[in-house]
Every structure is written in C-alpha cells, then in structure tokens.
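Below, read A as the first sequence line, B as the second, and so on, with proteins coming before strands; counting in each chain starts at 1.
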There are 2 protein chains.
Amino acid sequence: MERTGGEVSLRYALLALLTSQPLTGYDVFKQFEQSVGYVWHAPDSQIYPELRRMEKDGLLRGVEEAWGKKGKKKRYHITPEGVEAFRAWINTTLDYTRERDPVHLKAAYLEWAEPEAARTQMQAHIAYHSSRAQQWQEMIAALEDRSNPILATRLEAAPEADRAKIAGYKIFTYEGMIERANAEIHWARHGLELIDKLES
Amino acid sequence: MERTGGEVSLRYALLALLTSQPLTGYDVFKQFEQSVGYVWHAPDSQIYPELRRMEKDGLLRGVEEAWGKKGKKKRYHITPEGVEAFRAWINTTLDYTRERDPVHLKAAYLEWAEPEAARTQMQAHIAYHSSRAQQWQEMIAALEDRSNPILATRLEAAPEADRAKIAGYKIFTYEGMIERANAEIHWARHGLELIDKLES
DNA sequence: ACAGCGTAACTATGAACATAGTTAGTTGAC
DNA sequence: GTCAACTAACTATGTTCATAGTTACGCTGT
C-alpha cells in the first residue's frame, strides 16, 4: 500500500501556522485552537506525534530549549522543504470526495423522529450556526482592525506588499463560513415550518 | 477505553436503508451509493464488515441464500432491536464537534498560492457545487413525482398516512444541500473577484 | 467456447481520529 | 507552604476510513 501523495490536511494546517513563526508543540496546540482549528479541528494528541513525523520528514527542525530546572521543550522551525511542501499543497487543486454529514442524514429520515425531537434538532442546528456566525463576525472585526494577535504576528513578519493579501484571504475565509452558517440557519428554519406542517 | 454511546453514523445510515426492506450486502452498497451515500459516503469495504458487526450486535438478522451452484449471499433484515436503535439515534440531538474543511483551510492561506492556482481552486469549487446542485435538483424532481425507485419501494411498504412525511423530509434534505451548494458557489465567485483585486 | 462485463462478497494494510488518560514543572492566591 | 490552575509534553487504545486489492459466479454477444 502506498502513501497517496496529496492529502493529510493536518500536516498542512500545522505548516500554515508555522510559516508565521517557530512554535513549541504546546504553542502550536494553543494557537491552533484559536485560528486554523476553526476550519480543521485536531486534539493535541494528534498534533504532538504529527510534529515529530514532520520533523522526521524534514519539514520542520526541532530545537530543544530548557524549561525550568529539569524540563525541556522543543521549538519547531519550518525548513525550506516545509515551505516548499506547503506551497505545493496550496497550489494543488483539492479533490472533492468524502461527503459526510450527520445532520442531513438525520434530516432525510425525520419521519422516524418524535416531532419534539425533530424540532429540538432543528433548534440546536440554528443555535449552533448562529453562535458560530457571531463568533466569525467578531473574528472578521478583529482581523479588519488588526487587533487579532495571531494575525498581528504574521503581519509583522511579512513584507508590506503582502499584508493586504494575508488579511484579505483570512477575512474571505470567515465570510464564507458565515455564508454557510446562514444557509444552514435558513434551512433549519424552513425545517421547523415543515415539521409543523407535516406533524399535525 | 469504552465505546462512547451515540456516534457511529455509518451504522445509522445503514439502518436507515434497511428500515425500508431487507437487502444483501451488495444491494446495500449499490442503493447506498444512490441515496444515503450522498450525505454519508462509505466504500463497500467499510459496509461489509459493519453489516457483520451489526448482525453480531443484534441489530440485523442475516439470512443466507444460495447464489448459483456453490455461492451464497446473505440478506440482512432489520430486527426490532435495530429499529429501536435507529429510532433512538434519530431522537437524539447531534452534537457538533469536528470541523474539518480543507477548502476553507486553503482559502485562509491563499496568499501563498500562485494567482492562477487560486483561481483554479475557486473555479473547481464552483464546478463541483454546481454539478452537485444540479444533481440534487434532479433528485428533488424525482422525489416529487415519485419516480425515484428507492423512494417508491419505501412508500409501498409505508402506511398511506406517512407517505407525505417520508417524501417531504427527503426533499427537505436535498433542498438544504442545494442551499449550501449555492452558498459555496456565491462565496467562490466572491473569491474570484477578490483574487483579481489582490493579485494585481 | 470464451471474452467481457456486471454482480457478489470479501481481505489487507495503514493512516487518521477520538477519547482518555499520565507525568511533571510553573505561577499565584490564601 | 501548599493547593489550584495552568503550561508542557506525551502515551495508550480502539475505531473509523481510504485504498487497493482478490475470488468467483452469471449473463450476453461473437
């Protein structure tokens, strides 16, 4: 069985973060949660071993630092090979395969549900996406006024000419997520009406 | 480590299919591809062992049938326990955890891409979701005029009073997927404009 | 008579993920 | 001075998923 070239997105999510600055595993995990993690969730138990694998593959270089009297921690620097790998990934068009959507799976068989459970599901869908949409709206605001600290660090390290692009694409990403959330909310509201109509 | 109760959606996707009629493994796989598979993709290599596990867990009962002179196949019937498990799942509100979206991950770092690669990605996104939207539109038409064979079988086995619900929720599901696809298309078009603006 | 295609069912392998821990140092409040 | 909360890094285990096979039957056309 062969390794299939172009997938493994956690790896690229981590590279994305490390293009900005060198970080320790714990730093990576913490920053991940507040940035890339919104589009690609991963627990620390997946991040630590992946960082080690990436070091082994030459994409990162780990520099050990003392921590306290006995402890030590490793700060990961992206290597030129790492930058190259990231660039190659970003220039490759993604293929669209897996479709895995529990909510729509459930929606398709809602005739099996208690009407109240069906309504609760739709309300939970609305609540979830509303809260996300709001969160992203705040994120966009913080990106626009440059008060987002992770963005600020990234911008500092980047040439002036690239700064509009860096911020612009991040805002664009969150805008897309808001659009999607709004579509979900609209759909679920329609679902509530449908439940009222069908379960009478 | 314990088995964590309420997840494992492939199992419920299979139960959903088998609430309508008993099917052999191969039938399941084929029908899956044309119905539930649109919201929950799974290869046959995952379906066969899962069916066996479900039989072991008492959710299905497999009845062996002769096939040719030597061959045999197994037709899976849903058991009352299976129906109960499905009903329990559908009445449980899903929890929203994993967020894993390679396109938005990539979008957030598009400043690293060649402008042409960025455009190609957005165009691929539009093409993919356009084709899906069209496919679902056709699916809705076939559900509305009852010409979809999988739906027809399901409706035959169901009491008259449930038929509007059964069809209605399936149409609702595909409507949601169209809405989402349209949001993606709209976003990607905005992306193309943004690329033109930023990469000049 | 056999080639080609579709049906049917299964196996093997590894990677990715989720869940749930453990160990140990650091900082600040009471 | 000790306890809680946080930082830091890691381990263990099982499940899910993807990829890529294999084996064998049955029907249709030449």
Side-chain angles (χ1 to χ4, degrees), chain A residues 1-14 23-34 37 40-57 62-76 94-102, chain B residues 1-14 22-34 37 40-57 60 62-76 95-102 105:
Chain A
M1 229 111 321
E2 272 166 57
R3 284 277 293 92
T4 29
E7 284 303 301
V8 206
S9 285
L10 173 59
R11 173 161 294 205
Y12 299 103
L14 294 173
L23 295 167
T24 65
Y26 191 77
D27 290 342
V28 167
F29 173 58
K30 286 288 143 182
Q31 288 209 19
F32 200 85
E33 278 186 311
Q34 298 172 49
W40 195 272
H41 170 264
D44 64 338
S45 66
Q46 219 189 327
I47 289 173
Y48 284 115
E50 183 63 25
L51 287 172
R52 254 177 291 140
R53 249 174 273 131
M54 288 163 76
E55 187 182 12
K56 205 193 64 195
D57 294 348
V63 179
E64 289 204 338
E65 295 178 7
W67 176 62
K69 271 151 283 179
K70 291 183 279 182
K72 55 183 172 179
K73 54 184 174 176
K74 202 185 255 185
R75 190 171 300 272
Y76 290 99
L94 293 165
D95 50 325
Y96 294 78
T97 36
R98 44 182 173 194
E99 207 70 57
R100 236 163 274 248
D101 182 344
Chain B
M1 229 114 320
E2 275 167 55
R3 285 277 292 95
T4 28
E7 284 301 301
V8 206
S9 285
L10 172 60
R11 172 161 294 204
Y12 300 103
L14 295 173
L23 295 168
T24 65
Y26 192 75
D27 290 342
V28 167
F29 173 57
K30 285 288 141 180
Q31 288 207 20
F32 200 86
E33 277 186 311
Q34 298 171 49
W40 195 273
H41 169 264
D44 63 338
S45 66
Q46 217 190 329
I47 289 173
Y48 284 114
E50 183 62 25
L51 287 172
R52 253 176 291 140
R53 249 174 274 133
M54 288 162 76
E55 187 182 12
K56 204 192 66 195
D57 293 349
L60 302 180
V63 178
E64 289 205 337
E65 296 179 6
W67 178 60
K69 269 150 289 183
K70 292 183 281 183
K72 55 186 174 177
K73 55 184 174 177
K74 201 184 255 185
R75 190 171 301 272
Y76 290 99
D95 49 324
Y96 295 76
T97 35
R98 44 182 169 195
E99 208 68 58
R100 236 164 274 247
D101 184 344
L105 169 59

- Item | Which residue lies more 5' along DNA chain D, comparing A/Asp27 with B/Ser45 via nearest heavy atoms | A/Asp27

- Residue pair A/Lys74 / A/Leu51, side-chain heavy-atom distance below 4.5 Å: no

- Message: I want to confirm an ordering. Mapping A/Asp44 and B/Asp44 to their closest nucleotides on DNA chain C, which one lands closer to the 5' end?
- Response: B/Asp44

- Query: Applying the side-chain contact (heavy atoms from CB on, under 4.5 Å) test to A/Leu10, which of A/Gln46, A/Met54, A/His41 qualifies?
  - Reply: A/Gln46

- Whole-Å distance between D/dT16 P and A/Leu10 CG? 20 Å

- Atom CD of B/Glu33 to atom C1' of C/dT7: distance rounded to whole Å? 13 Å

- Check B/Trp40 against B/Phe32 and note the closest heavy-atom contact, atom names and distance. O-CE2, 2.8 Å

- Report the residues that fulfil salt bridge (charged side-chain N to carboxylate O under 4.0 Å, His left out) with B/Arg53, sequence neighbours left out, ordered by chain and then residue number. B/Glu50

- Phosphate-side-chain proximity, B/Tyr26 and C/dT7, N/O vs OP1/OP2 below 4.0 Å: yes

- Task: For A/Tyr96, enumerate each residue passing the side chain to side chain donor-acceptor pair (under 3.5 Å) test, keeping only those at least two apart in sequence or located in another chain.
- Result: B/Gln121, B/His125

- Take atom CD of B/Glu64 and atom P of C/dA9, then tell me their distance rounded to the nearest Å. 10 Å

- Message: Can you measure A/His41 atom NE2 to C/dA16 atom C1' for me and round it to whole angstrom units?
- Response: 14 Å

- Message: What is the distance, to the nearest angstrom, from the CZ atom on B/Phe29 to the C1' atom on D/dA18?
- Response: 13 Å

- Message: Does a side-chain N or O of B/Gln46 approach OP1 or OP2 of D/dC17 to a distance below 4.0 Å, or not?
- Response: yes

- Query: What integer distance in Å separates B/Ile47:CD1 from C/dA9:C1'?
  - Reply: 12 Å

- Query: Base, sugar-phosphate, or nothing: which does B/Arg75 touch, judged by heavy atoms less than 4.0 Å apart?
  - Reply: nothing

- Rounded to the nearest Å, what distance is computed from the CZ atom of residue A/Phe32 to the P atom of nucleotide D/dA8? 18 Å

- Message: Side chain of A/Arg100 only, heavy atoms from C-beta on: which candidate in C/dA16, C/dA9, D/dC17 is closest?
- Response: D/dC17

- Message: How many whole angstroms separate atom CD of B/Glu50 from atom C1' of D/dC17?
- Response: 12 Å

- A/Arg52, nearest nucleotide to its side chain (from C/dC10, D/dC10, D/dC17): D/dC10

